[in-house]
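Taking it in order: structure first as structure tokens, then the write-up.
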Amino acid sequence: MDEARRTKLERTTRYDPAEVEGRVFEGWLEGGYFHPPATGTPGENFSVAIPPPNVTGALHMGHALNGAIQDTLVRMRRMQGRNTLWLLGTDHAGIATQAVVEKELRADGTSRHELGREGFVERVWEWKQQYGSQIVEQYKRLGASCDYERERFTLDEGYVRAVYRVFVALYEKGYVYRDNYMVNWDPGSGSAISDLEVENREVTDTLYEIDYPIEGSERAMTVATVRPETMLADTAVAVHPDDERYRDLIGQHAILPLVGRRLAVIADDYIDPKFGTGALKITPGHDANDFEIGRRHGLDEVTVIGEDGRMTEAAGERFAGLTVAEAQEAVVEALRDEGLIRSEEEFTHSVPFSHRSGERIEPLISLQWFCRMDELAKPAIEVVERDEVRIVPEQWKRVYLDWMRNIRPWCVSRQLWWGHRLPVWYCDECGEVVVAESTPDRCPNCHGGHEELRQDEDVLDTWFSSALWPFATLGWPDDTPELRAFYPTSFLTTAREIIFLWVARMVMMGLEFADDIPFRDVYVHSVIQAPDGRRMSKSLGTGIDPLDEIEERGADALRFGLLVMSSTQDVPYSMERIQQGLDLANKMWNASRLILLNAADVEPAARPVLPEDRWILSCLQRAIESVGGNLDAYDFSHAALELYRFFWSELCDWYLEIVKPRLYEGEPEAAANLLHVLERVLMLAHPIMPFVTEEIWSYTPRADAGPLVVSEFPGSDPGLIDDAAEAEIGAAIELTRDLRRWRDLVGVAAGTVLTARVADDAAPHELVGRLARISFDGAADGGDEALATVGAVEILATDEIDAEQVRRRIEERREALRSEVERAERKLANDGFVAQAPAEVVDAERRKLAAYRAELEQLGAGG
RNA sequence: GGGCGGUUAGCUCAGAUGGGAGAGCGCCUGCCUUACAAGCAGGAGGUCGCUGGUUCGAAUCCGGCACCGCCCACCA
């Protein structure tokens, strides 16, 4: 350490993350430590594919926790000598990105339609170039040790090739197909979306009961609906086959009011006779259930609501062109005029909304591309059943399996412009459909003349490309060194909300196309909620920006806090935990200053000279075992807390206080030992708190040999575990605390050194005198009478001690002991306990009783 | 309607295989003790949601109940 560095260390009494982090991170990047060679096998190597953040994204707490978990693990494995790749990339996020840019266009007074497809896509690319890297920069702020030289994007040329290869292959296998089918139409994004992008919300609507007259009869059937406007597309009325009320009507016809269409009265088990009137209007064009019923019965499918959210021509001229809401009003009005509305009442039910745009889903029949999932799911179920892909915590394994076993076709086409355009071409001449990886020059079916092929306008669901992430980012479909070295990846972590959207699909696609599972372990982490327990979200105003927290308390603090907070259950965000992280960083910094500024110039080495040295080395081994073990088991919370406990309590509160005098005296063994412990604990802490540990490391003697980021992660040395030292120092600590407690209760000034003597042969450890400020000098055995006895220490009366307070304190203690004795006696008098409890438990109880009695004896009968 | 998780100190949470309830923050008392006042020493504070049961012994195991949260599901 040169003079300037030493001065800086001396003067910096507070750790300042803002001053350190940027500089340290630059150093890591320059060293190239995050860019592994594509060598070795997946079994030897450690690799993680980052859950790709959206290019639209700003780092939020979910990313921060997700990143902290991955980075902690990645850094530990790297330090353990594994060739480690943390692959970074971003997702084009079709709907989200398109929405952001469209909003921008609106602000400019234009629209994507004015720009045209080509212009719009170009505009999005510009946007992406400008803002897409922000999220990557923010991961750096967190300290994420990703391979920034291998950054990928789901619309990279190579990635697009992978997507097309997969789509075509699935088409050729017959899994991908085009069909007119009921889809979730999202009016917000103007696109179909998949079932997984729909969320149900409780909504209170008006439930209308409407009379449908029976043809050639005075009777009417009363049906109930919350969406009267859809009646315009009704093509049947259904009842339960066993419903006595309607049995005679089955096969007859009702007349659809306002429209006049004849509706067959059909029977279907789906109808619940107990609900409402037991008669259900069937609208195959605008209701998912009715669609199914309609297909079962071969009903007509009438569409009265268009993709633009307005009524179509088929709704009749009275309603065509109206919005759905307007149409609803108009239909109700018209029905009311005809006296056909029987009742109106409030009705609360759950209704599908678009998770993307927040708008109410309009179920529509639409010509879309779908992917059958059942065959793909089979092997993906097996690998999880067999724990080849291990999901932790295990409860999510069942959730995954339940979903997979009931998997349904996936609507993969989206009516957007930003994304992977379907590799599908149509020949308008002959109707031929060409699905190919590259643009075909001509229709293979039309001989001679017609060559113009029209590419499908739609793009693929963003999750279709995400599903290929672990192998497409490594170069698939080419046989690349990266793929050979790092696939399957080792670990994946995510919030549970994308188990289906992403995790499950990666498993299916990985097995189908990369011939292996995409990752071994999946860790499902908790969700960080707002401090008040609500969802953390920008729109609710409950979001907390990780970058603000990094500015204020540093990335190490944020990482530590998030890891401590996270567990298997969702937790409210706690700023106090982040502060605890900063406090720990500061503590590390200052403890290190003490050691580094005072240690003699020696080689760091374990030097168990005195019992306390053996004690701290033993404690260190246990901490190493515990922190490392917890990280291996993905128990990040306990890992972080164990680190905190060891560093703060054992190392700082006790060992540093004990060893200080030797350090100041320049004892080489003490210095060597302290430097050793410091080094090891920095290594241990580095995965969790990389910045502060790396900064401190740069001041240590071993810094010349290389940075901490690529030093070793410590393993415990069983030879240094020392039960005897732990018992001995443990007893000294206990006695010290008892004496301090006694002093405090009795009200002796903090600085006062009390005079005492040892009460019996069990001499307390020599450390106790100094730590508890007790002098054993000048107190001859058997001299003055003891004022009080604490453990083996007899405290003698001096002017500083208020004898009256002492007397009271002793009486209190006696009282407590009496009740303890009584409790223990009662327990031991219980024959059942003595007979049936394990012998060591009973023994322990007997020993406690004996100890209490002895102490009581020592204090005298009192009174 | 099914499933999962939760209920422990004022707050946020820990508490394998059942044997006298813990941490951080907050609070109280005393300390600027030559690493750190973002610190040090000490302390107060829980009938472990309610209720049955199993057991010598239950925060812990089993059965009910009550709230809270999440996921899945086609009831108009």
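In what follows, every heavy atom counts, from backbone to side chain, and hydrogens, waters and symmetry copies are set aside. Labels below follow one simple rule: chain letters A, B, ... track the order of the sequence lines, proteins then strands, and each chain is numbered from 1.
Base-pair partner of B:G46: not found among the strands shown (Watson-Crick or G-U wobble, both distances under 3.5 Å). Using N1 to N3 plus N6-O4 or O6-N4 for Watson-Crick, or N1-O2 and O6-N3 for G-U wobble, each under 3.5 Å, B:A73 pairs with nothing. Across all strands shown, B:U7 forms a Watson-Crick or G-U wobble pair with B:A66, both key distances being under 3.5 Å. As the counterpart of B:G30, B:C40 is assigned, both hydrogen-bonding distances of the Watson-Crick or G-U wobble pattern falling under 3.5 Å. Base pairing analysis places B:G19 opposite B:C56; the two distances defining the Watson-Crick or G-U wobble pair are each below 3.5 Å.
Among the heavy atoms of the strands lying under 4.0 Å from A:Y852 is at least one base atom, whether or not backbone atoms are also near. Contact annotation for A:R645: no contact, since no heavy-atom pair falls under 4.0 Å across all strands. Within the 4.0 angstrom heavy-atom criterion, only backbone atoms of the sugar-phosphate kind lie near A:W648; the bases stay farther away. Within 4.0 Å (heavy atoms only), A:P531 reaches no atom of the nucleic acid at all. Nucleic acid contact class of A:K848 (heavy atoms, under 4.0 Å, all strands): base. Nucleic acid contact for A:V571: sugar-phosphate only, since backbone atoms but no base atoms lie under 4.0 Å from a heavy atom of the residue. A:E292 comes within 4.0 angstrom of nothing in the nucleic acid, heavy atoms only. Residue-level contact check: A:E497 touches neither bases nor backbone, having no heavy atom under 4.0 Å from any strand. When heavy atoms are screened at a 4.0 angstrom cut-off, A:R227 is found touching no nucleic acid atom at all. Among the protein residues, A:S592 comes within range of no part of the nucleic acid, since none of its heavy atoms lies under 4.0 Å from any strand. Within the 4.0 angstrom heavy-atom criterion, no nucleotide atom of any strand lies near A:D287. Residue contacts shown for A:Q836 include a base, since a base heavy atom lies under 4.0 Å away.
The two residues A:M588 and A:M689 make their nearest non-hydrogen contact at CE-SD, 4.2 Å.
Straight-line distance from the CE atom of A:M565 to the C1' atom of B:U12: 9 Å, rounded to whole Å.
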Worksheet entry | Per-nucleotide protein contact string for nucleotides 69-75 of chain B, where B marks a base within reach and S marks sugar-phosphate only (heavy atoms under 4.0 Å, - for neither) | -S-SSBB
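For the pair A:P17 and A:D556, the minimum side-chain heavy-atom distance is 4.5 Å or more.
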All N/O pairs under 3.5 Å across the protein-nucleotides 24-28 of chain B interface:
{"residue": "B:G24", "atom": "O2'", "partner": "A:Q580", "partner atom": "OE1", "Å": "3.1"}

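Nucleotides B:A59 and B:U17, compared at atom P, are 14 Å apart to the nearest Å.
Contact check, A:R741 against B:G42: no side-chain N or O comes under 4.0 Å of OP1 or OP2. Using a 4.0 Å cut-off, no side-chain N or O of A:S637 falls inside it from OP1 or OP2 of B:A14.
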